[in-house]
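Below is one structure; the comments refer to it alone.
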Amino acid sequence: MSLDNKLTIKTLELLSDFYEQAIDANLIQFQKTRKDFEGDITLVVFPLAKIAKKSPPQTGDEIGQLLVDKIDYIGSFNTVQGFLNLVITDQYWLEELKEIETVDNYGIQPRTEQKLMVEYSSPNTNKPLHLGHLRNNFLGHSVARILEANGHEVIKTQIINDRGIHICKSMLAWQRFGNGETPENSGIKGDKLVGKYYVKFDQALKEETEVVLAKWGQGEFDVENEVMAEYQRLSLAATEKEDAKSRKGILDKIKKLANNSTPIMKDVKEMLVKWEAKEPEVYELWEKMNGWVYEGFNKTYEAMGVHFDKLYYESDTYLKGKKLVEQGLKDNVFFQKEDQSVWIDLTDEGLDEKLVLRGDGTAVYVTQDMGTAQQRMEDFPGLSGIVYTVGNEQDYHFNVLFKILQKLGYKWAENCFHLSYGMIDLRNDKGEVGKMKSREGTVVDADDLVKEVVKMAQEMTEERGHIEGMTEEEKNKLYQMIGLGGLKYYLLKVDPTKRMTFNPDESVELNGNTGPFIQYVYARISSLLRSAGNFSAQNIAEVDGLIDVEKELVKKLVEYPQIVIQAGEDHSPAIIANYIYDLGKNFNSLWQNVSVLKEENQAKREMRLILSKNVAKVIKSGMYLLGIDVPERM
RNA sequence: GGUCGCGUAGCUCAGCUGGAUAGAGCAUCUGCCUUCUAAGCAGACGGUCCUAGGUUCGAAUCCUAGCGCGAUCACCA
């Protein structure tokens, strides 16, 4: 039990007795003592002053005396204003250290009954992975490990968006402009090659859209009457609007209308229908191109060091979604419009009407998500919930999805959680911050970044020169570990829910609050332990006093289990990251200020070795939770 | 326009379930390698916690309004 909890229970008991009345547990508020004051833990006495019927300082003194008298590990106290600072004895901390030393899986929580699925990555198969996917993957992978450390059984998964109109776009463009280009004959990585044709489609679409708009402008309409009417309505509205913003909104709508009226767009839609009908020509092309993509993705995942227990493909689950729509239609959860499209009315939930099946009978995004969720529940009986690692731009979508699942009557929908993380912004040469834009060529490619980061790690490590005697293979492994560790840490140390600004220089930085800084602490301790000889925790209790840095370190170690729990509850690797950084910093302070091996007092020397060993143990454990490896030497 | 989110040092971020004089890193400047790995340590400089009200013993933290930024409101995913 933590000191905080222990003290709260004891104090509650003592105070109830002392003041002869029942005391609300919420009035007992312990917090860490601020550095500027003497003490380890502080009781906030303001809430208790009323009960004592004395001023806060008097109350503090009164309670402080009581606690010192009754609790043996409280050595002394001081009251500053309404804050009662308690000094815990060194013996107590030494016992704690000894305890930590005996636990192998320190910080890891006992098994629970919960079985959770964590979904992350979930890319579209029409473009290569980029920086945003890196944040997604590292986050999901780390959260999976954190949940495991909290005792839950975890299944790591992803849903591969391998079908849909966007895939058909790449396919169509390849058919038209590809001239039989393949990864083999071009040497281009599979996912990159398919991405290339997705871009080609976009260009073609843009050109055709302009043609359509030009025709419309001259009054030539070879489209359905409704489209023409809609265009005329919008054009009129655009001329009436005064402010530029709403004008732009209408112009965007016109553009979209034109977009959808292009021949190429019609062809793509047709292709999707053919695909759903499994027409061999289309289906084979689809299989071929997706095969290229998977080959490319697998290389990227391997380089990133993330993996999955089970893969789902939308092409397998969207039919299940369609069945759910059918059933829901019968049960009056959904309703059908004249054009045969199927909708759900969520206006009573504060949301809108939402399409669940297109008029032509093909599935949309949410259709397949419904099917996927149900499939998962069938595949893993007893699954308690699903964690969806998906960007916060999809907050609305998941809101809708969970509501739909609830309305369909699935109890487990309540345990689905959208791990909604912030977008990554980039800073351009002018210092402006903004999103990655493929059109402006600012998308940071995942493969390129990983390669770059490892290369930088190599250069910087060679400069430092701590690696003589390593084989080439060991060296390469180390560069990989440092580069990737730095990148992962950089992306994970920020609160996942917040958007962040990517700075390429900081992502490869070795100094300060970085992954390599922490890895370095681990390597230092490893080096220390290598030259320490034999030691044990037996004589720790004989140490006659702890210096500040030592005590700080023990206190920090004691916090770890709570940190793991907190990180699990909040789904936040950042909590782990910030904690290990603090721990590492504290250790460096010890390292720089005292010598471990040259300490003459034997008990003290052993205590410091045990302390160091356990700092390393916790660093390794915490870094594992972030998906980062630590080196014995660097 | 509706909904949701964000606004803390020059920059990137902690702190936000209310507690003491708001913390780190980067950048700038000082010191410290004959000593277990200086990828380090010690220190200096740097703040209208967006603004205005409110709640209370106490507000960066909670509430309301305003300003600014972003996301979303697709028969895209």
Side-chain angles (χ1 to χ4, degrees), chain A residues 29 31 33-37 42 44 46-47 49-50 56 80-83 85 122 124 126 161 163-167 169 245-246 249 253 256 260 269 314 337 339 341-343 350-352 354-360 362 364-366 368-369 391-397 399 420 422-423 425 427 431 433-435 460-461 463-466 482 490 493-495 497-503 505-506 509-514 516-521 523-532 574-575 578 581-582 585 588-599 608-609 612 633-634:
Chain A
Q29 294 170 15
Q31 60 187 41
T33 303
R34 285 183 64 100
K35 283 197 198 88
D36 333 301
F37 301 97
T42 295
V44 182
F46 293 100
K50 278 173 202 151
V80 181
Q81 296 170 34
F83 299 90
N85 303 316
S122 305
N124 293 337
N126 59 345
N161 297 290
R163 45 137 272 130
I165 197 99
H166 57 292
I167 310 300
K169 289 179 181 174
K245 209 181 162 188
S246 41
K253 275 186 190 165
K256 207 160 87 186
N260 278 321
K269 283 179 190 164
E314 277 184 3
K337 291 194 175 174
D339 64 353
S341 58
V342 181
W343 298 71
L351 306 172
D352 305 302
K354 188 78 191 169
L355 177 94
V356 292
L357 201 66
R358 289 194 189 101
D360 62 6
T362 56
V364 287
Y365 184 40
V366 77
Q368 50 218 20
D369 270 355
N392 64 9
E393 56 192 352
Q394 293 191 39
D395 284 353
Y396 182 77
H397 168 75
N399 222 333
S420 162
M423 299 288 101
D425 288 321
R427 186 183 297 279
V433 170
K435 290 183 77 167
M460 290 162 153
T461 302
E463 261 174 42
R464 303 292 191 293
H466 293 151
I482 295 172
Y490 175 76
K493 72 176 173 180
V494 180
D495 179 348
T497 64
K498 293 194 173 157
R499 69 186 300 128
M500 65 180 288
T501 307
F502 179 75
N503 180 330
D505 295 335
E506 283 176 19
E509 180 61 53
L510 307 175
N511 304 315
N513 189 357
T514 65
F517 171 97
I518 297 164
Q519 289 172 320
Y520 188 68
V521 175
R524 268 181 158 175
I525 296 176
S526 299
S527 154
L528 174 72
L529 296 180
R530 276 197 297 272
S531 37
I575 291 174
N578 288 322
Y581 170 63
D582 263 0
K585 217 174 136 51
N588 276 338
S589 186
L590 177 81
W591 177 279
Q592 212 74 228
N593 285 305
V594 302
S595 173
V596 175
L597 296 181
K598 295 210 169 107
E599 173 59 47
R608 284 184 188 155
L609 280 166
S612 305
R633 289 181 59 189
M634 70 186 276

Options B:C73, B:G19, B:A77, nucleotide nearest the side-chain atoms of A:Phe46: B:G19
Tell me what A:Asn85 touches on the nucleic acid: a base, only sugar-phosphate, or nothing, going by heavy atoms under 4.0 Å. base
Under 4.0 Å, counting only non-hydrogen atoms across every strand here, what does A:Glu463 touch: a base, just sugar-phosphate, or nothing? nothing
Distance between the C1' atoms of B:G23 and B:U61, in whole angstroms? 15 Å
Which whole-number value in Å describes the distance from A:Ile575 CD1 to B:A24 P? 20 Å
Just to be sure I understand the rule, does A:Asn503 reach a base, reach only the sugar-phosphate, or reach nothing, if contact means heavy atoms closer than 4.0 Å? nothing
RNA chain B: 5'-proximal contact among A:Val80 and A:Arg163 (nearest heavy atom): A:Val80
A:Asp582 near the nucleic acid: base, sugar-phosphate alone, or nothing, with a heavy-atom cut-off under 4.0 Å? nothing
If you count heavy atoms of other groups shown closer than 6.0 angstrom to NZ of A:Lys253, is the number above 12? no
Pairwise C1' distance for B:A60 and B:C49, with rounding to whole Å: 5 Å
Within the 4.0 Å heavy-atom criterion, would you say A:Tyr581 contacts the bases, only the backbone, or no part of the nucleic acid? sugar-phosphate
Okay, side chain of A:Thr362, backbone of A:Arg358: is any donor-acceptor separation there less than 3.5 Å? no
Whole-Å distance separating the CG atom of A:Leu357 from the P atom of B:A74: 17 Å
Across the strands shown, which category fits A:Thr362 at heavy-atom distances under 4.0 angstrom: base, sugar-phosphate, nothing? nothing
By the 4.0 Å heavy-atom rule, please label A:Ser341 as base, sugar-phosphate, or nothing. base
Just the rounded figure in Å: distance from C1' of B:A77 to OH of A:Tyr365. 6 Å
Nucleotides 68-70 of chain B: which of its N/O atoms have a protein N/O under 3.5 Å away?
unit_1 : atom_1 : unit_2   : atom_2 : d
B:G70  : O2'    : A:Arg499 : NH1    : 2.6

Does A:Lys337 NZ have over 12 foreign heavy atoms under 6.0 Å away? yes
Taking syn as a glycosidic torsion within 90° of 0 and anything else as anti, which one is B:C16? anti
Does one side chain, of A:Asn161 or A:His166, offer a donor that lies under 3.5 Å from an acceptor on the other? no
C1' atom, B:A9 versus B:C36: distance in rounded Å? 36 Å
Of the listed nucleotides (B:U12, B:A77, B:C16), which one gets closest to any side-chain atom of A:Lys498? B:C16
Quick one: does A:Glu509's side chain have a donor or acceptor within less than 3.5 Å of a partner on A:Asn511's backbone? yes
Please figure out whether A:Arg427 or A:Lys35 has its closest RNA chain B nucleotide nearer the 5' end. A:Arg427
Can you check the A:Glu506 CD to B:C26 P distance for me, whole Å? 10 Å
Within the structure shown, what part of the strands sits under 4.0 Å from A:Gln81 by heavy-atom distance: base, sugar-phosphate, or nothing? nothing
Say we look at B:C4 and B:C57: how far apart would their C1' atoms be, to the nearest angstrom? 35 Å
Is it true that the side chains of A:Thr501 and A:Asp425 contain a donor and an acceptor less than 3.5 Å apart? no
Rounded off to whole Å, could you give me the CG-to-P distance for the A:Asn513 and B:C11 pair? 19 Å
Could you run down nucleotides 35-43 of chain B 5' to 3' and tag each one B, S or - for protein heavy-atom contact under 4.0 Å? SBBSBBSS-
At 4.0 Å (heavy atoms only), tell me whether A:Gln368 reaches a base, stays on the sugar-phosphate, or touches nothing. sugar-phosphate
Determine which nucleotide pairs with B:G43, using a 3.5 Å limit on both distances of a Watson-Crick or G-U wobble pair. B:C29
Which whole number of Å gives the distance between the C1' atom of B:G5 and that of B:C11? 23 Å
Tell me: CG of A:Asp495 to C1' of B:A60, nearest whole Å? 16 Å
What's A:Gln394 touching, base or sugar-phosphate or nothing? Going by heavy atoms closer than 4.0 Å. base
Taking atom C1' in both B:U3 and B:G19, what distance in whole Å separates the two? 35 Å
Please determine, by modelled atom types, if A:Asn392 and A:Arg499 share a side-chain donor-acceptor pair under 3.5 angstrom. no
Could you label the plane-to-plane angle of the A:His466 and A:Tyr520 rings as parallel, tilted or perpendicular, counting under 30° as parallel and over 60° as perpendicular? parallel
Starting at CG of A:Asp425 and ending at P of B:G5, how long is that distance when rounded to a whole Å? 19 Å
Atom CG of A:Asn392 and atom P of B:U72: how far apart are they, to the nearest Å? 9 Å
Nucleotide nearest A:Val494 (side chain, heavy atoms from C-beta), chosen from B:A77, B:A20, B:C13: B:C13
Classify the angle between the aromatic ring planes of A:His397 and A:Tyr365 as parallel (below 30°), tilted (30 to 60°) or perpendicular (above 60°). parallel
Say we look at B:A27 and B:U12: how far apart would their P atoms be, to the nearest angstrom? 15 Å
